[in-house]
Peer 1: 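Once you've had a glance at the structure underneath, I'll fire off some questions.
Below, chain A is the first sequence line, B the second, and so on; all start at residue 1. Model, not experiment: these values are computed from the prediction.
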Protein chains: 2
Amino acid sequence: MKYIDKLRNSGLRPTKQRLQICKILFDVEKTFHFTINELDQKIKKQIGNKISLATIYNTVHAFEKKGYLKQIPINSNQAYFDTNVTDHHHFYDLKDEKLIDLENSDVGPINILKKINGKKIKSVEVLVKLED
Amino acid sequence: MKYIDKLRNSGLRPTKQRLQICKILFDVEKTFHFTINELDQKIKKQIGNKISLATIYNTVHAFEKKGYLKQIPINSNQAYFDTNVTDHHHFYDLKDEKLIDLENSDVGPINILKKINGKKIKSVEVLVKLED
DNA sequence: CACCTTTTTAGAATCATTATAAAGTAGATC
DNA sequence: GATCTACTTTATAATGATTCTAAAAAGGTG
Ligand SMILES: [Mn+2]
Ligand SMILES: [Mn+2]
Ligand SMILES: [Zn+2]
Ligand SMILES: [Zn+2]
């Protein structure tokens, strides 16, 4: 009951819905990127039942807040999430509208020389747009 | 009649509305970042009259397509545009929800070591999120 | 001016996301 | 195990940015 503990330790009750979403998001070998609608589809397909969209939004946001998911800024149409929460970067294939991971080691160190008074850096993300 | 020519050369008729928007966007010393609503406010305030939101969207998208504006991916809430169309990067102040330019020279060369088969790189953008 | 095309516009439609509020559930207590 | 309470889920409505529509207005050309 790996996810039950994970949720409890985060102060989130391990409900049936949250456990199902955990299974889909984290019980796979590879991390992946998804939109809320894609997750909704995946739940219907893999679990069989449906989870209310409101619950899916709530859960994804709760997981994001706890650091189990990351949101990737791509465009203003819809939110993209990532189950890979390590520091890393992305390709974005403009034609397929798909994200591809770009590990830190594939980019090399990024040195931000400019400083902003009174602010500190929370994250540094590179987005590489791809075309044919 | 600098903007009349600019528009004509782009195959866009120099209408009153487009010229007014040009004036606001390009007739200033410094480039800046804006959302559609901020632009709408600015038009009302600086020009006095109002331009239909549909026209503002149309014009901004037309200018983006022509390369006179760039869209900056920040989050999925609303689109941010930039009158600075040179290659550059951004700070995003999470508290103030404001963009700050980060010139290429403030970041240093970014070497993308990973290649994706059949795709070529269109742009490389760094987003540095700031917190207090 | 007459004609044709592009553009503007108000308003409706769309779509992702968030809010609401009622019903259900988990976990604690007895 | 029944009871209680806070948390969660859910259907549904509301919101807000963006896009669509279709009719009116304006630009450009001869
Ligand atoms: Mn969010
Ligand atoms: Mn657009
Ligand atoms: Zn990723
Ligand atoms: Zn900028």
Peer 1: Mark yes when over 12 heavy atoms from residues, nucleotides or ligands other than Lys44(A) sit less than 6.0 Å from its NZ; otherwise mark no.
Peer 2: yes

Peer 1: Can you pull out how bent the helix from dC1(C)-dG30(D) to dC30(C)-dG1(D) is, comparing the axes over its first five and last five pairs, to 10°?
Peer 2: 30°

Peer 1: Please give me the minimum heavy-atom distance between Asn75(B) and Pro73(A), naming the atom from each residue.
Peer 2: N-CB, 4.2 Å

Peer 1: Assuming nearest nucleotide by heavy-atom distance, tell me which of Ala54(A) and Asn37(A) is located more 5' along DNA chain C.
Peer 2: Asn37(A)

Peer 1: With respect to the side chain of Arg8(A), which nucleotide from dG27(D), dG27(C), dA17(D) is positioned closest?
Peer 2: dG27(C)

Peer 1: Evaluate the salt bridge (charged side-chain N to carboxylate O under 4.0 Å, His left out) criterion for residues Glu125(B) and Lys129(A): first the C-alpha distance (whole Å), next the side-chain angles of each, then the deciding distance (0.1 Å), finally the verdict.
Peer 2: CA-CA 8 Å; Glu125(B) 291 167 68; Lys129(A) 290 186 179 159; 3.7 Å; yes

Peer 1: Check His88(B) against Asn104(B) and note the closest heavy-atom contact, atom names and distance.
Peer 2: CA-OD1, 3.9 Å

Peer 1: With a cut-off of less than 4.0 Å, is there a side-chain N or O of Tyr57(A) near OP1 or OP2 of dT18(C)?
Peer 2: no

Peer 1: Got a sec, which residues hit side-chain hydrogen bond (donor to acceptor under 3.5 Å, both in side chains) with Lys30(B), two or more places apart in sequence or on another chain?
Peer 2: none

Peer 1: What is the distance, to the nearest angstrom, from the CD1 atom on Ile21(B) to the C1' atom on dT9(C)?
Peer 2: 13 Å

Peer 1: For the residue pair Lys6(A) and Phe26(A), would you count it as a cation-pi contact if the rule is NZ or CZ under 6.0 angstrom from the ring centre and within 45 degrees of the ring axis?
Peer 2: yes

Peer 1: Under 3.5 Å between N/O atoms: give me all the protein pairs with nucleotides 6-8 of chain C, atom names plus distance.
Peer 2:
| from | atom 1 | to | atom 2 | distance (Å) |
| --- | --- | --- | --- | --- |
| dT6(C) | O4' | Arg13(B) | NH1 | 3.2 |
| dT6(C) | O4' | Arg13(B) | NH2 | 3.3 |
| dT7(C) | OP1 | Arg13(B) | N | 3.3 |
| dT7(C) | OP1 | Arg18(B) | NH1 | 2.7 |
| dT7(C) | OP1 | Arg18(B) | NH2 | 3.3 |
| dT7(C) | O5' | Arg18(B) | NH2 | 3.4 |
| dT8(C) | OP1 | Thr15(B) | OG1 | 2.5 |
| dT8(C) | O3' | Gln17(B) | NE2 | 2.8 |

Peer 1: The side chain of His61(B) is closest to which nucleotide in this list: dT10(D), dA16(C), dT19(D)?
Peer 2: dT19(D)

Peer 1: Take atom NZ in Lys65(B); do more than 12 heavy atoms of anything else shown fall under 6.0 Å from it?
Peer 2: no

Peer 1: Could you check if a side-chain atom of Lys119(B) sits within less than 4.5 angstrom of a side-chain atom of Asp93(A), using non-hydrogen atoms only?
Peer 2: yes

Peer 1: Rounded off to whole Å, could you give me the CD1-to-C1' distance for the Ile56(A) and dA16(C) pair?
Peer 2: 13 Å

